[in-house]
**Student:** 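A single structure is presented below for examination.
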Amino acid sequence: MTLKHFLQFKDFSADEIRHLFARTALIKRRFKSYEAYTPLVDRTLAMIFEKASTRTRVSFEAGMYQLGGSVVNLTSSDSQLGRAEPIEDTARVVGRMVDIVMIRTYEQAKIEAFAAHSRVPVINGLTDEFHPCQILADVFTCIEQRGSIDGKVVAWIGDGNNMANTWAQAAQLLGFTLHVSTPPGYELDLAKAGVSDAGCVKRFATPLEACRGADVVTTDVWTSMGYEAENEARRIAFADWRVTPALMAAANAGALFMHCLPAHRGEEVDAEVIDGPQSVVWDEAENRMHVQKALLEYLVLGRID
């Protein structure tokens with residue numbers, strides 16, 4: 001089987017993504033029916049965290065155990081990734097001891113270097129540039145709630161960050177439109193996002209304009225991990241980029257609200273929205289585990305139909 005990694009959303013073809021969604025639906029049904037499914041017995045996942053996380057750790061760890069495998073969890077102090085030894089050497093060593101690696105770190109270049117010297121698949125659990133596992137979960141949730149995402153409109157409100165980059169890649173790959181509204185100075189950079197065809201992305205000066213005609217409205221915290229020094233400046237810049245009931249009302253009837261979490265009510269989203277009937281954030285959070293189980297299965301065992 002050809003070694004594959006999942007470092008950006010566009011590392012997979014549209015057909016591979018659709019396969020993952022089909023497997024996710026099946027694996028989730030089995031989970032909900034208390035039907036054991038353990039294809040990864042005697043397989044080990046190494047998780048390397050330079051950025052702390054609740055959802056990423058729980059979803060990967062619980063998911064790997066549910067698939068019958070085991071998990072080794074390494075924090076930055078445990079792993080010394082790229083500090084005590086070259087990252088290439090760490091990749092060579094860890095890859096001889098486990099079957100698959102998930103890394104949550106800062107620079108995309110670091111995970112790319114690790115993958116280039118790994119003999120086992122590597123998954124991006126988040127970098128400053130991309131968050132592909134989260135967008136897998138988000139798109140799957142859209143499909144689960146509303147059917148095919150083909151031709152749909154997703155409105156991104158807020159920072160042109162790793163989530164926005166990955167939404168742009170997904171839009172180009174899967175055939176939907178991304179409406180983007182960001183404060184001046186925090187724009188989405190399509191070149192950095194790795195998106196060559198800007199036709200799938202439309203920019204709007206205000207959040208209200210971006211939400212018109214949207215089937216999904218989604219956002220993220222104003223200050224992502226690693227940018228805490230900018231917190232006060234961002235509070236000022238992002239003040240008008242809060243998802244409110246008025247923005248949801250501008251979207252299509254039945255539009256979904258999404259957030260990758262953790263959320264700050266009263267900042268990037270009003271409580272009435274995230275805790276309201278259009279919010280699917282809890283399904284979205286749970287689906288992280290299910291799509292990642294399908295991803296682990298695919299990268300370790302190949303395509304199962």
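Numbers here are sequence positions counted from 1.
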**Student:** Same cluster for Ile123 and Phe130 if Ile/Leu/Val/Met/Phe/Trp/Tyr side chains link at under 4.5 Å?
**Tutor:**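 Per the 4.5 Å side-chain linkage, Ile123 and Phe130 are not co-clustered.
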**Student:** Would you check if Phe114 and Lys110 make a side-chain contact, meaning some heavy-atom pair closer than 4.5 Å?
**Tutor:**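 SC-SC contact between Phe114 and Lys110 ruled out.
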**Student:** For Arg92, is there an ion pair with Glu85 - N to carboxylate O distance below 4.0 angstrom?
**Tutor:**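 No, Glu85 and Arg92 are not salt-bridged.
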**Student:** Show, in sequence, the C-alpha distance, side-chain angles and deciding distance for Thr244 and Asp270, and conclude whether the side-chain hydrogen bond (donor to acceptor under 3.5 Å, both in side chains) test is met.
**Tutor:** CA-CA 5 Å; Thr244 63; Asp270 281 347; 5.0 Å; no
**Student:** For the residue pair Glu268 and His259, confirm or rule out a side-chain donor-acceptor distance under 3.5 Å.
**Tutor:**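 Yes, side-chain donor-acceptor contact under 3.5 Å.
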**Student:** Looking at CD1 of Ile100 and CE of Met47, how far apart are the two atoms once the value is rounded to the nearest 0.5 Å?
**Tutor:**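 The CD1 atom of Ile100 sits 12.0 Å away from the CE atom of Met47.
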**Student:** Kindly give the heavy-atom pair with the smallest separation between Gly213 and Val153, and that separation in Å.
**Tutor:**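 Scanning both residues, the minimum pair turns out to be O-CB, 3.5 Å.
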**Student:** How close do Leu296 and Leu45 get, heavy atom to heavy atom, and via which atoms?
**Tutor:**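 Here Leu296 and Leu45 meet closest at CD2-CD1, 4.3 Å.
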**Student:** May I ask whether Ile135 and Phe60 are part of the same hydrophobic cluster, defined by side-chain heavy atoms of I, L, V, M, F, W, Y residues being less than 4.5 angstrom apart, directly or through others?
**Tutor:**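 Same hydrophobic cluster.
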**Student:** For the residue pair Val243 and Leu247, what are the closest heavy atoms and their distance?
**Tutor:**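 Heavy atoms only, the tightest pair is CA-CD1, 3.8 Å.
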**Student:** For His179 and Lys202, indicate whether the former's side chain and the latter's backbone hold a donor-acceptor pair under 3.5 Å.
**Tutor:**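 No, the answer is negative, given that no donor and acceptor are paired below the 3.5 Å cut-off.
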**Student:** Under 30°, 30 to 60°, or over 60°: which ring-plane class applies to Phe12 and Tyr298, parallel, tilted or perpendicular?
**Tutor:**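 Taking Tyr298 first and then Phe12, their aromatic rings stand perpendicular (interplane angle over 60°).
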**Student:** Show your reasoning for whether ring pair (Phe, Tyr, Trp, His ring centres under 6.0 Å) applies to Phe238 and Tyr186.
**Tutor:** CA-CA 9 Å; Phe238 284 78; Tyr186 299 91; 4.8 Å; yes
**Student:** Take Thr44 and Ser70, measure what side-chain hydrogen bond (donor to acceptor under 3.5 Å, both in side chains) needs, and give me the verdict at the end.
**Tutor:** CA-CA 5 Å; Thr44 302; Ser70 57; 3.1 Å; yes
**Student:** Near Asp42 CG, under 6.0 Å, is it more than 12 heavy atoms from other residues, nucleotides or ligands?
**Tutor:**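 Counting other residues, nucleotides and ligands, CG of Asp42 stays at 12 neighbours or fewer.
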**Student:** Mind running salt bridge (charged side-chain N to carboxylate O under 4.0 Å, His left out) on Lys28 and Glu144 for me, showing each step along the way?
**Tutor:** CA-CA 11 Å; Lys28 184 174 181 178; Glu144 187 178 51; 2.8 Å; yes
**Student:** side-chain contact (heavy atoms from CB on, under 4.5 Å) for Lys293 and Thr24? Distances and angles first, verdict last.
**Tutor:** CA-CA 7 Å; Lys293 287 165 73 174; Thr24 299; over 6 Å; no
**Student:** Examine Arg104 relative to Phe49 and say whether NZ or CZ is less than 6.0 Å from the centre of the six-membered ring and inside a 45° cone about the ring axis.
**Tutor:**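 Arg104 over Phe49 ring: no.
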**Student:** Any side-chain heavy-atom pair from Val216 and Trp156 closer than 4.5 angstrom?
**Tutor:**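 When only atoms from C-beta onward are counted, Trp156 and Val216 do not touch, as no gap falls below 4.5 Å.
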**Student:** I'd like to know whether Glu187 forms a salt bridge (charged side-chain N to carboxylate O under 4.0 Å, His left out) with Arg203, so could you lay out the CA-CA distance, the side-chain angles of the two residues, the decisive distance to 0.1 Å, and finally the verdict.
**Tutor:** CA-CA 9 Å; Glu187 293 86 0; Arg203 302 175 190 269; over 6 Å; no
**Student:** Give me the atom names and distance for the closest heavy-atom approach of Thr141 to Val280.
**Tutor:**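 Of all heavy-atom pairs spanning Thr141 and Val280, the closest is CG2-CG2, 4.0 Å.
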**Student:** Salt bridge or not between Arg242 and Glu267? Use side-chain N to carboxylate O under 4.0 Å.
**Tutor:**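 Salt bridge: no.
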**Student:** Evaluate the side-chain proximity of Gln292 to Ser59: yes if any heavy-atom separation is below 4.5 Å, no if none is.
**Tutor:**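 The answer is yes, as the side chains (C-beta and beyond) meet within the 4.5 Å cut-off.
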**Student:** Is it true that Gln172 and Ser196 share a donor-acceptor pair across their side chains at a distance under 3.5 Å?
**Tutor:**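 On atom types as modelled, these side chains qualify, holding a pair under 3.5 Å.
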**Student:** I'd like to check the side chain to side chain donor-acceptor pair (under 3.5 Å) partners of Asp99; sequence neighbours left out, ordered by chain and number.
**Tutor:**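 None.
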**Student:** Under 3.5 Å, is there a donor-acceptor pair linking the side chains of Ser181 and Trp241?
**Tutor:**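 The answer is yes; a qualifying pair exists.
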**Student:** Yes or no on salt bridge (charged side-chain N to carboxylate O under 4.0 Å, His left out) for Lys152 and Asp150, after CA distance, side-chain angles and deciding distance?
**Tutor:** CA-CA 6 Å; Lys152 295 286 200 305; Asp150 292 357; over 6 Å; no
**Student:** Donor-acceptor pair, distance only, cut-off 3.5 Å: does the side chain of Arg212 make one with the backbone of Ala250?
**Tutor:**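 Here the side-chain-to-backbone pair does not exist.
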**Student:** Taking atom types as modelled, find out whether Glu61 and Asn73 have a side-chain donor-acceptor pair closer than 3.5 angstrom.
**Tutor:**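 Result is no, nothing qualifies.
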**Student:** Pick from Arg303, Lys4, Lys10, Arg23: which one makes a salt bridge (charged side-chain N to carboxylate O under 4.0 Å, His left out) with Glu16?
**Tutor:**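 Per the salt bridge (charged side-chain N to carboxylate O under 4.0 Å, His left out) rule, the option paired with Glu16 is Lys4, out of Arg303, Lys4, Lys10, Arg23.
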**Student:** Quick one, Pro132 and Phe6 - any side-chain contact, counting heavy atoms below 4.5 Å?
**Tutor:**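 When only atoms from C-beta onward are counted, Phe6 and Pro132 do touch, with a gap below 4.5 Å.
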**Student:** Taking the side chain as everything from C-beta on, heavy atoms only, tell me whether Val291 gets closer than 4.5 Å to Leu295.
**Tutor:**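 With C-beta onward as the side chain, the pair stays apart.
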**Student:** Measure the shortest side-chain to side-chain distance between His117 and Thr90 over non-hydrogen atoms and say whether it is less than 4.5 angstrom.
**Tutor:**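 No. Closest side-chain heavy atoms not under 4.5 Å.
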**Student:** I'd like to know if the side chain of Tyr106 pairs up with that of Glu129 as donor and acceptor (distance under 3.5 Å, no hydrogens or angles considered).
**Tutor:**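 No - no donor-acceptor pair under 3.5 Å links their side chains.
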**Student:** For a 4.5 angstrom cut-off between non-hydrogen side-chain atoms, does Ile157 reach Thr218?
**Tutor:**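 Contact flag for Ile157/Thr218 side chains = no.
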**Student:** Is a side-chain donor or acceptor of Asn161 paired with a backbone partner of Ala164 at a separation under 3.5 angstrom?
**Tutor:**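 Answer holds: yes.
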**Student:** Do Leu301 and Met289 belong to the same hydrophobic cluster, where Ile, Leu, Val, Met, Phe, Trp and Tyr are linked whenever their side-chain heavy atoms lie under 4.5 Å apart, directly or via other members?
**Tutor:**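 No, no single cluster joins them.
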**Student:** CZ/Arg55 to CG/Leu261 distance, rounded to the nearest 0.5 angstrom?
**Tutor:**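 Those atoms lie 5.0 Å apart.
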**Student:** Assess the residue pair Asn124 and Gln108 against the criterion (side-chain hydrogen bond (donor to acceptor under 3.5 Å, both in side chains)); give the C-alpha distance rounded to whole Å, side-chain angles, the decisive distance to 0.1 Å, and a yes or no.
**Tutor:** CA-CA 9 Å; Asn124 180 354; Gln108 181 74 11; 3.3 Å; yes
**Student:** Considering all heavy atoms of both residues, which atom of Met163 and which atom of Cys260 are nearest to each other, and what is their separation?
**Tutor:**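 Reported closest heavy-atom pair: CE-CB, 3.8 Å.
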**Student:** For Gly158 and Thr182, work out which heavy atoms get closest and say how close.
**Tutor:**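 Scanning both residues completely, I find the closest heavy atoms to be O-CG2, 2.8 Å.
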**Student:** Taking atom types as modelled, is there a side-chain donor on Asn165 or Gln169 under 3.5 Å from an acceptor on the other?
**Tutor:**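 There is no such pair (donor and acceptor under 3.5 Å, judged by atom type) between the side chains of Asn165 and Gln169.
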**Student:** Parallel, tilted or perpendicular: which describes the rings of Trp167 and Phe176, with under 30° parallel and over 60° perpendicular?
**Tutor:**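 If you compare the ring of Trp167 with that of Phe176, the planes turn out perpendicular.
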**Student:** List the steps, then state whether side-chain hydrogen bond (donor to acceptor under 3.5 Å, both in side chains) holds for Glu209 with Thr206.
**Tutor:** CA-CA 5 Å; Glu209 293 173 298; Thr206 70; 3.0 Å; yes
**Student:** Starting from Leu190, can I reach Phe9 by hopping between I/L/V/M/F/W/Y residues whose side chains sit under 4.5 Å apart?
**Tutor:**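 Yes, because Phe9 and Leu190 connect within a single hydrophobic cluster, where side-chain heavy atoms sit under 4.5 Å apart.
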**Student:** Check whether any side-chain heavy atom of Lys51 sits under 4.5 Å from a side-chain heavy atom of Asp128, and report yes or no.
**Tutor:**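 Yes, at least one pair of side-chain atoms sits under 4.5 Å.
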**Student:** What's the spacing between Ile27 CD1 and Leu20 CG if we round to 0.5 Å?
**Tutor:**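 Ile27 CD1 to Leu20 CG: 9.0 Å, rounded to 0.5 Å.
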